[in-house]
Amino acid sequence: MSQDLEIMPEDWNRALAVVAHPDDMEFGAAGAVARWTAAGKAVTYLVASHGEAGIDTLPPERAAALREREQRAGAAVVGASGVEFLDHPDGAIEYGLALRREFAAAIRRHRPELVIGFCHHDHTSSGRWNSPDHRNTGRALLDAVGDAGNRWVFRDLGLDPWQDVKYVVMSNSPQPTHAVDVSDVLDKAIASLEAHSSYLAAQQPPITDVKGPLMGLAQATGARFGGVPAIAFEMIPR
């Protein structure tokens, strides 16, 4: 894993990020979003669940509303254009046609040139076993990019196909290929994760410091990217 990372292409204007939970973007890619939006690019988030199973001390109905608010706040910090939520059950997101259909519909509506997801592999960049929600969401997203471009798939959506996705990248991957310099936006990346204050405080043990781990991750990635703090992505061949 010592190979240098390539510079993430920036010859695009619209991006769609599709993840399983509130905070998935903040734990992996928000710093890159801050850089891109500062350059005038538009990035929209689509979150498959409301994260309602993420706070042990709150019933799902209350946790969902809270986590949705915190996600919107975190996205606003880095300049995301908006956040949309689907209603898949947190902790039980299933891979299948229903998920692919919803993701394909979003791609056709937003017409992104860049699609961003969260690690679809069995293990994340930390080496830990990845959650089924992340695996199923990531793999459905990769398939939905192809679905969105085929006019004969999901015809009932009534949406024109979108075949102009240029790049598909996954954050938190154990097999990164590219990186984004976030040296000027680390403060925004940190603040975007801190916006999930209720969620962080409810973890066991509570997460009280996000600055240290995020800076450490950016510096570790930077060691493979010219020495500048960076966020890594795996580019999926198209």
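The model shown is predicted, which means the values in this text are computed figures rather than measured ones.
Side chains of S197 and E70 form a contact here, defined as non-hydrogen atoms less than 4.5 Å apart. Side-chain contact between M170 and H121 is absent, with no heavy atoms from C-beta onward closer than 4.5 Å. You'll find the side chain of H134 reaches within 4.5 Å of the side chain of H21, heavy atoms only. Taking 4.5 Å as the limit, some side-chain heavy atom of R111 sits within range of a side-chain heavy atom of R14. Under the 4.5 Å side-chain criterion, counting only non-hydrogen atoms from C-beta, K166 is not in contact with P9. Proximity of Y167 to E10: side-chain heavy atoms (C-beta onward) are nowhere separated by under 4.5 Å. Taking 4.5 Å as the limit, some side-chain heavy atom of R100 sits within range of a side-chain heavy atom of Y95. Between S171 and F27, the closest side-chain pair of non-hydrogen atoms is not below 4.5 Å.
Heavy-atom minimum distance, A179 versus A230: CB-CB, 4.1 Å.
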- CA sep, side-chain torsions, deciding dist, call: F118, T137, side chain to side chain contact (heavy atoms under 4.5 Å, CB included): CA-CA 8 Å; F118 191 99; T137 298; over 6 Å; no
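If you take CG on D4 and NE2 on H178, they are separated by 12.5 Å, rounding to the nearest 0.5 Å. Separation of atoms CG (L99) and CG (D143) is listed at 10.0 Å; rounding is to 0.5 Å. Note that the CG atom of L66 and the CD atom of E52 stand 12.5 Å from one another [nearest 0.5 Å]. With values rounded to the nearest 0.5 angstrom, R109 atom CZ is found 9.5 Å from T44 atom OG1. Here the CG-CG distance, from L46 to L86, works out to 4.5 Å after rounding to the nearest 0.5 Å. Between atom CE of residue M8 and atom CG of residue L114 there is a gap of 4.5 Å, rounded to the nearest 0.5 Å.
With D133 as the fixed residue, the side chain to side chain contact (heavy atoms under 4.5 Å, CB included) test singles out one of D90, D24, V19: D90. A side chain to side chain contact (heavy atoms under 4.5 Å, CB included) with F103 is found for one member of V145, L142, V18, V115 and no other, namely V18.
A donor-acceptor contact under 3.5 angstrom links the side chains of S183 and D181, judged on distance only.
Hydrophobic clustering, with ILVMFWY side chains joined whenever heavy atoms are under 4.5 angstrom apart, keeps L5 apart from V169. Residues L193 and Y45 do not share a hydrophobic cluster, defined by chaining ILVMFWY side chains whose heavy atoms lie under 4.5 Å apart.
For the pair R67 and Y199, the distance from NZ or CZ to the six-membered ring centre is under 6.0 Å and the angle to the ring normal is within 45 degrees.
Heavy atoms from other residues, nucleotides or ligands lying under 6.0 Å from CG of D184 number 12 at most.
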